[in-house]
Amino acid sequence: MHWADHTAQTLQQRGDSQVIASGITPSGEFHVGHLREILTAEMIHRACLDAGMDSRHIFIVDSMDPLRRIYDFLAPNYEQYIGCPLAYIPAPGPDGEPDPDGGSYAEHFLGPFLEALREIGVEPEVVMNHETYESGAFADKTHSAIGQRGEISEVIEEVSGREVPEDWFPYNPLGSDGSLDGVRVTGYEHPHVHWVDRHGVEGASDIRTGQGKLPWRIDWAARWGIHGITCEPAGKDHGAAGGSYDTGIPICEMLGGQPPHKMVYEWIQLKGMGPMSSSAGVTVGPLDALGLVPPEIMRYVIARSKVGRHIDFDTGPALFQTADEYERLVANPPSGSDEEMTRRQQVAQDTQLAALRLSQIKRGSDPSSSIAGVSFRHLAMLAQIKSSDDDVWASLRRSGHLDGDPSDALTGRMRRMRNWVDGPHFPDAARIEVQSGISDEAGTNLTDEHREFLSALSGALSDCEWTDAAIRDCIRATTAEVGIGGRDAYVALYWVILGKHHGPKASSLMSEMEREDLLSLISET
RNA sequence: GGGCCUGUAGCUUAGUCAGGUAGAGCGCCGGGCUUUUAACCCGGUGGCCGUGGGUUCGAAUCCCAUCAGGCCCGCCA
C-alpha cells in the first residue's frame with residue numbers, strides 16, 4: 001500500500017476527521033525540502049479524503065520566528081532586525097534594502113511560494129502563526145506551560161539529553177526594540193510576563209497578544225492542540241530521536257492536547273546536472289525547479305518515493321527518465337488481476353497506481369490529461385527546432401497529437417520546456433546541434449550508398465518547397481529512386497546534420513534549417 | 001560522545017514490519033518494423049541482496065558486530 005494511504009488508514013483509527021499540517025519558516029530561503037514537506041502532508045490529506053474521511057490541510061507559516069541572520073540577498077542594515085519576528089519587519093526591495101512599502105518580510109517571501117504551490121495543485125489553509133499569537137489563542141497553553149515550567153524543562157532534558165539552563169523560561173518576550181534576543185524574564189503575573197532587555201529597559205508582555213512567543217519546542221507542541229492537528233509530517237531533523245517531535249509529544253499532552261501521529265520524512269536534494277554544476281555544485285531553488293519541471297512530475301517524484309528514502313532530484317538527464325517512467329505508467333497502468341499475481345506484485349501495483357493518482361494536480365482527474373497528448377521527449381525536440389509556439393502547435397496538429405487549440409496543460413508544459421532547454425540544466429546529449437561541417441566521425445560512417453543517396457537528395461531538395469511535409473515527401477521519393485533502405489537514408493541524414501546516427505524527425509529538423517546551409521553540408525560529403 | 005535513516009542487477013528501485021526458491025523499469029545485446037515522436041513490438045543478458053558472525057529445517061528479511069554514505073543532538077523540512 002502507498003505510504004499516504006497507509007498513513008490515512010492509521011489515522012482513521014483516531015476518528016473520521018483529520019487535520020494535516022505543514023509548517024515552514026518564511027525566512028526567504030525556500031528550498032525543495034519545503035516542497036517535500038508540503039507535498040507529503042498534502043498527499044496524506046488527499047488520501048484521507050479518498051478514504052472517505054473529512055480532512056483539512058493547514059499550512060502554518062512561522063511568521064513569529066525571528067530573523068536569524070543576514071542572508072546573501074539582504075543589505076547589511078538588516079542587522080537592526082535580527083531577532084525580530086518576520087511578520088513585523090519590512091520586506092527587502094530589489095536592492096536588498098528594507099522597503100517601507102513592500103509589506104512584511106514574511107508576506108513578501110510567502111507570496112511567490114504560495115503561487116508555486118498552486119501550480120502543483122496544493123492549496124492549503126494558510127495560518128499565519130503571528131496572528132494566532134495576536135488573537136490570544138496561545139494564551140491558555142502559554143499560561144499552562146509557564147505553570148509547568150519545571151516539568152517541561154525536565155522532559156526536554158530527559159528526552160533530548162540536552163541541558164536546559166537554570167533561568168530557562170517557556171516564553172520569549174519581545175524587548176523594547178522588538179527583538180527576541182537578549183530579553184531576560186524577571187517574573188510572571190498572569191497575563192503578564194515581566195522582562196528586562198539587553199538595553200536595560202524593563203517591560204511586560206501580555207501573553208494574550210503578539211508581544212512574545214513560545215520557544216520552538218513548546219510552540220510546536222502547543223499548536224498541535226490549538227489546531228487539533230492529527231498528523232504533521234516532519235523532516236528528519238525534528239524527527240530524530242530526542243528531537244523536537246519526541247519532546248513535543250509529552251509536552252502537547254501536558255498542555256492538554258492530543259499529539260498528532262508521528263511521521264518523519266527523509267531529505268530531498270535538488271541537483272542541477274547541467275554543464276556548470278559538476279564543478280560548481282549548482283543547486284536550484286524550488287521555484288526555479290517548478291519553472292522547469294512539469295508539476296505532475298514534481299509530484300510524482302515525491303509520490304513514488306518512500307518517505308524514509310533520500311531523494312536526489314535531478315533536473316538534468318534524469319528528468320527524461322522520470323518523465324518517461326511517468327508517461328509509461330499513464331499510458332499503460334498495471335492492471336493484473338488478483339489471481340495471476342503474487343501478493344508482492346499486487347502490493348507493487350497498488351503502490352504504483354496510488355503514486356499516479358496522487359501525482360495529479362487536480363484530485364481525481366484523469367492522469368492521461370496531464371500529459372496533454374505529447375511526450376516529454378517529443379516536446380523537448382520541438383522546443384529546440386521550432387522557435388515559435390505557434391509552429392509547435394502546427395506541427396502537433398500535423399502529427400495528430402493536437403486537435404484545435406493547445407490546452408493549458410500543454411502550454412504550461414511548453415513554457416517549462418523552453419525554460420529547461422534554454423537553461424544550463426538541459427543535458428548536452430539531448431541538445432540538437434546542427435553541424436557546421438562534416439565531422440570526421442560522420443565521414444567515416446558514411447557508406448558509398450549513403451553518399452549516393454545524399455547526392456540525389458541534394459538535387460531533389462534544391463527545387464523542393466521548403467516545408468516539413470514537402471521535404472518529407474522529397475526524402476521518400478529519393479529513397480525509392482535510389483533504392484536505399486528507409487532506415488539507412490535517415491542514418492545518412494543524421495550523420496550529416498547532427499553528427500550522430502539518430503535524431504528527431506528529420507523533415508521537421510530540416511525545414512527549420514536554411515536550405516543553402518543544408519545543401520552546403522551535403523555537398524561536403 | 002549519543003542517536004536516526006540508507007546500502008538489493010551498469011542505473012532507479014520493489015520485497016525487510018508478520019522469515020519460505022530474489023521482482024520490476026531503464027540501460028545493454030539480439031530480432032522485427034519497406035515512409036524515425038531519440039518511436040514502437042518481441043526475445044535475451046544481468047544480483048554470493050555492503051561485509052562478517054549468530055538464531056533457524058530455511059535469512060535480503062530476525063539478532064550481534066563491522067564498513068560505507070547521508071543526517072540529527074542551538075535554529076533549520
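This one's a predicted model, so the numbers in the text were calculated from it and none came from an experiment. Chain naming here is simple, since letters A, B, ... match the order of the sequence lines and numbering starts at 1 in each.
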The side chain of [X] is closest to which nucleotide in this list: [options]?
X: A/Arg217; options: B/C75, B/A38, B/A77; result: B/C75
X: A/Gln321; options: B/U37, B/C75, B/C26; result: B/C26
X: A/His401; options: B/G70, B/A77, B/U37; result: B/U37
X: A/His34; options: B/A77, B/A14, B/C26; result: B/A77
X: A/Trp216; options: B/A38, B/U37, B/C76; result: B/C76
X: A/Glu37; options: B/U35, B/G70, B/A77; result: B/A77
X: A/Ile24; options: B/U35, B/G69, B/A77; result: B/A77
X: A/Tyr494; options: B/U36, B/G25, B/A14; result: B/U36
X: A/His310; options: B/A77, B/G70, B/C75; result: B/G70

Requested in this report: Grab the two heavy atoms, one from A/Ile432 and one from A/Gln384, that are nearest each other, plus how far apart they are.
Outcome: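 Shortest heavy-atom separation between A/Ile432 and A/Gln384 comes out as N-OE1, 2.8 Å.
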Report the distance from atom [atom1] of [X] to atom [atom2] of [N], rounded to the nearest whole Å.
X: A/Arg309; N: B/U13; atom1: CZ; atom2: P; value: 5 Å
X: A/Tyr71; N: B/C75; atom1: OH; atom2: P; value: 14 Å
X: A/Leu329; N: B/U12; atom1: CG; atom2: C1'; value: 14 Å
X: A/Leu410; N: B/U37; atom1: CG; atom2: P; value: 18 Å
X: A/Ile297; N: B/U12; atom1: CD1; atom2: P; value: 19 Å
X: A/Asp181; N: B/G74; atom1: CG; atom2: C1'; value: 12 Å
X: A/His378; N: B/U36; atom1: NE2; atom2: C1'; value: 11 Å
X: A/Tyr326; N: B/C26; atom1: OH; atom2: C1'; value: 19 Å

Are any of the side-chain nitrogens in [X] or [Y] under 4.0 Å away from the carboxylate oxygens of its partner?
X: A/Arg304; Y: A/Glu325; value: yes
X: A/Glu296; Y: A/Arg299; value: no
X: A/Arg223; Y: A/Asp219; value: yes
X: A/Asp324; Y: A/Arg377; value: yes

Spacing of the [atom1] atoms in [M] and [N] (rounded, Å):
N: B/C4; M: B/U13; atom1: C1'; result: 22 Å
N: B/A77; M: B/U37; atom1: C1'; result: 39 Å
N: B/C48; M: B/G10; atom1: P; result: 8 Å
N: B/U12; M: B/G46; atom1: C1'; result: 16 Å
N: B/U61; M: B/U36; atom1: C1'; result: 46 Å
N: B/A68; M: B/G50; atom1: P; result: 16 Å
N: B/A22; M: B/G32; atom1: P; result: 35 Å
N: B/C67; M: B/C11; atom1: C1'; result: 23 Å

Looking across every strand, which nucleic acid part, if any, lies under 4.0 Å from [X] by heavy atom: base, sugar-phosphate, or nothing?
X: A/Gly33; result: base
X: A/Leu379; result: nothing
X: A/Ile432; result: base
X: A/Ala380; result: nothing
X: A/Trp267; result: base
X: A/His238; result: sugar-phosphate
X: A/Phe320; result: nothing
X: A/Arg36; result: nothing
X: A/Arg472; result: nothing

Partner lookup for [N], please. Criteria are Watson-Crick or G-U wobble with both distances under 3.5 angstrom; report none if nothing qualifies.
N: B/G1; result: B/C73
N: B/U66; result: B/G50
N: B/G25; result: B/C11
N: B/U34; result: none

**Report entry** Closest-nucleotide ordering on RNA chain B, the 5'-leading residue of A/Lys306 and A/Gly373
**Finding:**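 In this pair, the answer is A/Lys306.
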Query raised in the report: Nearest nucleotide by nearest heavy atom, which residue falls closer to the 5' end of RNA chain B, A/Arg304 or A/Arg476?
Result: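 That would be A/Arg304.
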Report task. Please check the phosphate of B/A77 (OP1 and OP2 only) for any side-chain N or O of A/Thr25 closer than 4.0 Å. Result -> yes
Requested in this report: Carefully, step by step, assess A/Glu37 and A/Tyr265 under the rule side-chain hydrogen bond (donor to acceptor under 3.5 Å, both in side chains).
Outcome: CA-CA 8 Å; A/Glu37 158 92 15; A/Tyr265 60 84; 2.4 Å; yes
**Report entry** Residue of the set A/Val293, A/Ile311, A/Leu35 for which side-chain contact (heavy atoms from CB on, under 4.5 Å) holds with A/Val301
**Finding:**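 Only one of A/Val293, A/Ile311, A/Leu35 forms a side-chain contact (heavy atoms from CB on, under 4.5 Å) with A/Val301, namely A/Ile311.
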Query raised in the report: Is there side-chain contact between A/Leu509 and A/Leu493, with heavy atoms separated by less than 4.5 Å?
Result: no
Query raised in the report: Can any side-chain N or O of A/Glu433 pair as donor or acceptor with the backbone N or O of A/Gly499 at less than 3.5 Å?
Result: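 Checking the backbone N and O of A/Gly499 against the side chain of A/Glu433, no donor-acceptor pair under 3.5 Å is found.
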